[in-house]
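These values consider heavy atoms only, across backbone and side chains, with no hydrogens, waters or symmetry-generated copies.
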Protein chains: 2
Amino acid sequence: MSIAVSDAINLLNRTPKLLRDMLEGLPDHLIQANEGGETWSPYDVVGHLIHGDKTDWIPRLRICLSDTTDKTFQPFDRFAQFEDSKDKTLQDLLSAFEQIRTENITALKEMKLRNEDYQRRAVHPALGEVNLGQLLTTWVVHDLDHIYQVSRILAHQFRDDVGPWKAYLRIVQ
Amino acid sequence: MSIAVSDAINLLNRTPKLLRDMLEGLPDHLIQANEGGETWSPYDVVGHLIHGDKTDWIPRLRICLSDTTDKTFQPFDRFAQFEDSKDKTLQDLLSAFEQIRTENITALKEMKLRNEDYQRRAVHPALGEVNLGQLLTTWVVHDLDHIYQVSRILAHQFRDDVGPWKAYLRIVQ
């Protein structure tokens with residue numbers, strides 16, 4: 001059994017506010033910091049979530065529900081935010097994410113998903129056959145994964161300053 | 001160099017609201033869920049944070065700043081919440097955490113910490129010599145560690161329902 005639609009909506013609805021409360025008003029040296037190399041900053045993560053809500057989750061749910069013969073998803077561009085977010089402030093991104101997420105929750109409610117819809121199948125371009133229940137559950141877990149990531153990126157900035165407590169703090173290990 | 005006092009206050013101030021954003025209004029089967037065995041639920045984590053704010057962080061900062069000869073911290077009881085939270089609702093805990101955290105941020109501001117205070121030393125009962133800068137940084141990273149944990153506990157409940165996407169979701173690996 002995959003996630004209940006009510007739990008999915010309950011959790012998906014929280015993410016824009018949660019990210020606002022995590023990030024709004026933090027100094028740039030934290031908003032733009034990453035975990036080294038090509039890793040992402042909190043700012044990059046918000047852009048990535050917007051791109052997913054614009055191009056990925058709802059269109060893929062619609063493909064699962066449709067009776068078209070070509071049920072292969074478009075590949076998801078994991079780097080689109082580096083172009084899309086250009087010249088935008090964190091405030092712009094947080095507001096854009098709130099807006100698209102609100103629209104998408106409305107679209108999700110309008111689908112009036114029933115238990116039998118969870119078995120409707122489609123094809124992921126890299127992962128192969130998937131079903132609607134897995135896709136809906138993944139949307140929720142993907143949000144949580146990025147909340148997890150943002151808390152870890154912030155903690156990373158202080159990893160050398162906790163002294164011997166590092167042994168107790170899983171987030172900096 | 002440890003965390004700036006202004007960044008510490010900025011981040012510590014967010015945590016009660018973040019936990020409310022994450023948890024208030026979730027069904028009990030998520031609030032009380034854990035990661036198996038003796039691991040903690042989101043409900044347990046909020047109780048643990050209250051206990052830390054009541055007994056640990058500010059008293060330890062005061063020991064660092066004091067001129068007493070016995071500068072050994074009291075051990076922290078990591079299981080106190082199982083007794084303290086009895087008969088309390090999640091709402092009770094979220095409100096109690098908000099209140100104690102607000103008081104503690106006031107206390108932290110009143111300490112008017114200067115750079116030289118960061119070197120003031122004390123003795124952790126298990127970790128040995130530590131300094132005030134490490135303690136203040138650890139307070140912040142400890143909050144982030146538990147936000148990280150709560151997002152992971154929630155994701156854990158859906159780990160078997162994401163199908164092949166599991167390969168892409170670090171939080172359930």
- Side chain of S85(A), backbone of K88(A): donor and acceptor closer than 3.5 Å? no
- Note on the structure: Highest number of heavy-atom pairs under 4.5 Å with chain A among G133(B), G128(B), P27(B) belongs to P27(B)
- Query: What pairs with E83(A) under side-chain hydrogen bond (donor to acceptor under 3.5 Å, both in side chains), at least two apart in sequence or on another chain?
  - Reply: K86(A)
- Message: With a 4.5 angstrom heavy-atom cut-off, is it the side chain or the backbone of L23(A) that approaches chain B, or both, or neither?
- Response: backbone
- Message: Any non-hydrogen side-chain atom of V46(B) less than 4.5 Å from a side-chain atom of H146(B)?
- Response: no
- Atom group of L26(A) that falls short of 4.5 Å from chain B, counting heavy atoms: both
- Same cluster or not: are I58(B) and F76(B) linked, directly or through other Ile, Leu, Val, Met, Phe, Trp or Tyr residues, by side-chain heavy atoms under 4.5 angstrom apart? no
- Task: Report yes or no: does T39(A) contribute a side-chain atom to a donor-acceptor pair with the main-chain N or O of G36(A) at less than 3.5 Å?
- Result: yes
- Message: Please classify the contact between I153(B) and chain A as side chain, backbone, both or neither, with a heavy-atom cut-off of under 4.5 Å.
- Response: neither
- Any sub-3.5 Å donor-acceptor pair from Q157(B)'s side-chain atoms to L154(B)'s backbone N or O? no
- Query: Can we say K17(A) and E98(A) salt-bridge, meaning some charged N sits less than 4.0 Å from an Asp/Glu carboxylate O?
  - Reply: no
- Atom of Q81(A), atom of G47(A) and distance for their closest heavy-atom approach: CB-C, 3.4 Å
- Query: Contact part of R159(A) toward chain B, heavy-atom cut-off under 4.5 Å: side chain, backbone, both or neither?
  - Reply: neither
- Item | Region of H124(A) that comes under 4.5 Å of a non-hydrogen atom in chain B | side chain
Cut-off 3.5 Å, no hydrogens considered: what does the side-chain donor-acceptor table look like for residues 7-14 of chain B, sequence neighbours left out?
from: D7(B); atom 1: OD2; to: H29(A); atom 2: NE2; distance (Å): 3.0
from: N10(B); atom 1: OD1; to: R14(B); atom 2: NE; distance (Å): 2.9
from: N10(B); atom 1: OD1; to: R14(B); atom 2: NH2; distance (Å): 2.7
from: N10(B); atom 1: ND2; to: G25(A); atom 2: O; distance (Å): 3.1
from: R14(B); atom 1: NE; to: N10(B); atom 2: O; distance (Å): 3.3
from: R14(B); atom 1: NH1; to: D21(A); atom 2: O; distance (Å): 3.0
from: R14(B); atom 1: NH1; to: M22(A); atom 2: O; distance (Å): 3.3
from: R14(B); atom 1: NH1; to: E24(A); atom 2: O; distance (Å): 2.9
from: R14(B); atom 1: NH2; to: E24(A); atom 2: O; distance (Å): 2.8

- Among D160(A), I147(A), T138(A), which residue forms the greatest number of heavy-atom pairs with chain B at distances under 4.5 Å? T138(A)
- Task: For chain A, find which of L18(B), L136(B), V150(B), D143(B) contributes the most heavy-atom pairs closer than 4.5 angstrom.
- Result: L18(B)
- Which residues in residues 162-173 of chain A have any heavy atom lying under 4.5 Å from a heavy atom of chain B? V162(A), G163(A), P164(A), W165(A), Y168(A), L169(A), R170(A), I171(A), V172(A)
- Task: Identify, with sequence neighbours excluded, every residue that meets side-chain contact (heavy atoms from CB on, under 4.5 Å) alongside D67(A).
- Result: R120(A)
- What residue in V140(A), L30(A), L135(A) has the most heavy-atom pairs under 4.5 Å with chain B? L135(A)
